[in-house]
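Along the sequence shown, residues carry numbers from 1. As the structure lists them, so they are numbered: ligands from 1, and atoms in each ligand from 1.
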Amino acid sequence: MSDFLRLDKYLADLGVGTRSQVKQMIRKNQISVNGEAAKKPDQKIDVSQDQVAVQGKILSYIKNKYFLLHKPSGYVSATEDSREKTVLSLLPEELRKGLFPVGRLDKDTEGLLLLTNDGDLSHRLLSPKKHVDKTYYARIQGQVSKEDQEAFAQGVDIGDEKLTLPAQLKILSSAEKSEILLTIQEGRFHQVKRMFEARGKKVVYLKRISMGPLQLPPDLNRGEFRELTQGEKLSLGVDKEEI
Ligand code: URA
């Protein structure tokens, strides 16, 4: 991954103006790089070193970072906690700065968790208005039935003001213990567990396998993380690395 960006893109990413506006600013000698007036919009900026100023005011560029973590059980989805191990502690210290988890998985839930410093993306993925699909694999104490499927498709009363939004339940196996996939578009507190409780059943194991376009990679073991690929970033609309 490059740490170089075109000057016009660098300025546009920072919100200085649109790409054509910043080109004009360059023409008007309002932009300097390392103290010298910038001449060309395609001048390469070393994000970690170069000092760029707009009308004499120095900018700082914070690059967005995106990591996909396979959360193990036993970690809380927080940046800090005085008693519990946090998901961020699974990353080396030098990578943690500014990162936070996008949404929460319960301490005993495993699976896909996105860690980023990109507040806009986090908002887009978590906003209830956006209806982003989240799919969970779960093992359930009890026989999951067609009636459960229908109830989830209608929305269930989990003790909140409103019923849950329609959710899609796929039964993988059904006996004394059942295995299911459940896709929900909300992120209410303990939502999957409470949905099954409302049907008189208990979630005994829960793992998130997808969130929006992101899938938990089969080769990413519990506790492991990796950066999002370019394709994953594109799918989230956060491809800001290209020159
Ligand atoms: N639903 C739950 O009950 N727990 C989670 O961690 C995520 C969704």
Side-chain angles (χ1 to χ4, degrees), residues 67-81 83-91 99-116 121-145 148-149 151-172 174 177-217 220-225 236:
F67 295 98
L68 205 153
L69 171 72
H70 186 160
K71 178 191 175 298
S73 176
Y75 289 77
V76 294
S77 300
T79 52
E80 280 177 55
D81 196 285
R83 284 172 301 139
E84 308 278 4
K85 290 178 289 184
T86 69
V87 287
L88 274 186
S89 70
L90 293 159
L91 269 65
L99 295 184
F100 55 85
V102 175
R104 281 164 192 265
L105 292 177
D106 296 338
K107 186 178 164 191
D108 61 354
T109 301
E110 299 191 334
L112 185 155
L113 190 62
L114 180 61
L115 304 172
T116 186
L121 174 66
S122 176
H123 177 72
R124 272 190 278 134
L125 288 171
L126 297 178
S127 164
K129 289 189 197 127
K130 304 279 180 182
H131 291 193
V132 174
D133 279 347
K134 281 143 293 217
T135 299
Y136 294 86
Y137 163 84
R139 287 197 283 273
I140 310 295
Q141 188 73 52
Q143 189 156 10
V144 177
S145 63
D148 297 324
Q149 214 165 30
F152 286 177
Q154 299 294 320
V156 283
D157 182 357
I158 58 171
D160 292 344
E161 239 167 65
K162 288 187 181 167
L163 297 186
T164 56
L165 287 179
Q168 202 193 334
L169 175 63
K170 191 170 173 195
I171 302 171
L172 302 175
S174 177
K177 264 193 188 172
S178 308
E179 285 182 284
I180 61 96
L181 293 174
L182 180 65
T183 302
I184 59 175
Q185 296 188 323
E186 302 162 283
R188 301 195 206 171
F189 187 59
H190 296 327
Q191 181 161 346
V192 177
K193 293 173 184 166
R194 287 161 70 206
M195 286 173 74
F196 278 97
E197 258 164 42
R199 302 289 307 163
K201 284 154 201 162
K202 189 172 161 53
V203 173
V204 291
Y205 174 78
L206 188 60
K207 175 182 183 173
R208 181 156 65 192
I209 58 171
S210 72
M211 180 176 191
L214 300 178
Q215 306 274 343
L216 184 65
L220 194 68
N221 294 320
R222 283 189 194 94
E224 288 183 349
F225 69 92
L236 292 168

Item checked: Contacting atoms of ligand 1, where contact means under 4.0 angstrom from a heavy atom of Thr109 -> 4 (N), 5 (C), 6 (O)

Next item on the list: First locate atom CG of Leu105, then atom OH of Tyr136, and finally report the distance between them rounded to the nearest 0.5 Å.
Entry: 5.5 Å

Check: Does a side-chain N-to-carboxylate-O contact under 4.0 Å join Asp108 and Lys193?
Finding: yes

Next item on the list: Tell me yes or no: between the side chains of Asp106 and His190, is some donor less than 3.5 Å from an acceptor?
Entry: yes

Notebook entry, point to check: For ligand 1, is there an atom lying under 4.0 Å from some heavy atom of Tyr136?
Noted result: yes

Next item on the list: Do me a favour and list the nearest non-hydrogen protein atom to atom 1 (N) of ligand 1 with residue, atom name and distance?
Entry: Val192 N, 3.1 Å

Note to self: Test your reading of the structure: does Asp106 have an N or O sitting under 3.5 Å from an N or O of ligand 1?
What the structure shows: yes

Notebook entry, point to check: Would a 4.5 Å heavy-atom cut-off, applied to side chains only, mark Arg208 and Leu113 as touching?
Noted result: yes

Check: At a non-hydrogen distance cut-off of under 4.0 Å, which region of Leu206 contacts ligand 1 (side chain, backbone, both, or neither)?
Finding: side chain

Margin query: Side chain or backbone, does Lys193 bring an N or O within less than 3.5 Å of an N or O on ligand 1?
Written below: yes

Notebook entry, point to check: Side chains of Ile180 and Phe196: closer than 4.5 Å at any heavy-atom pair?
Noted result: yes

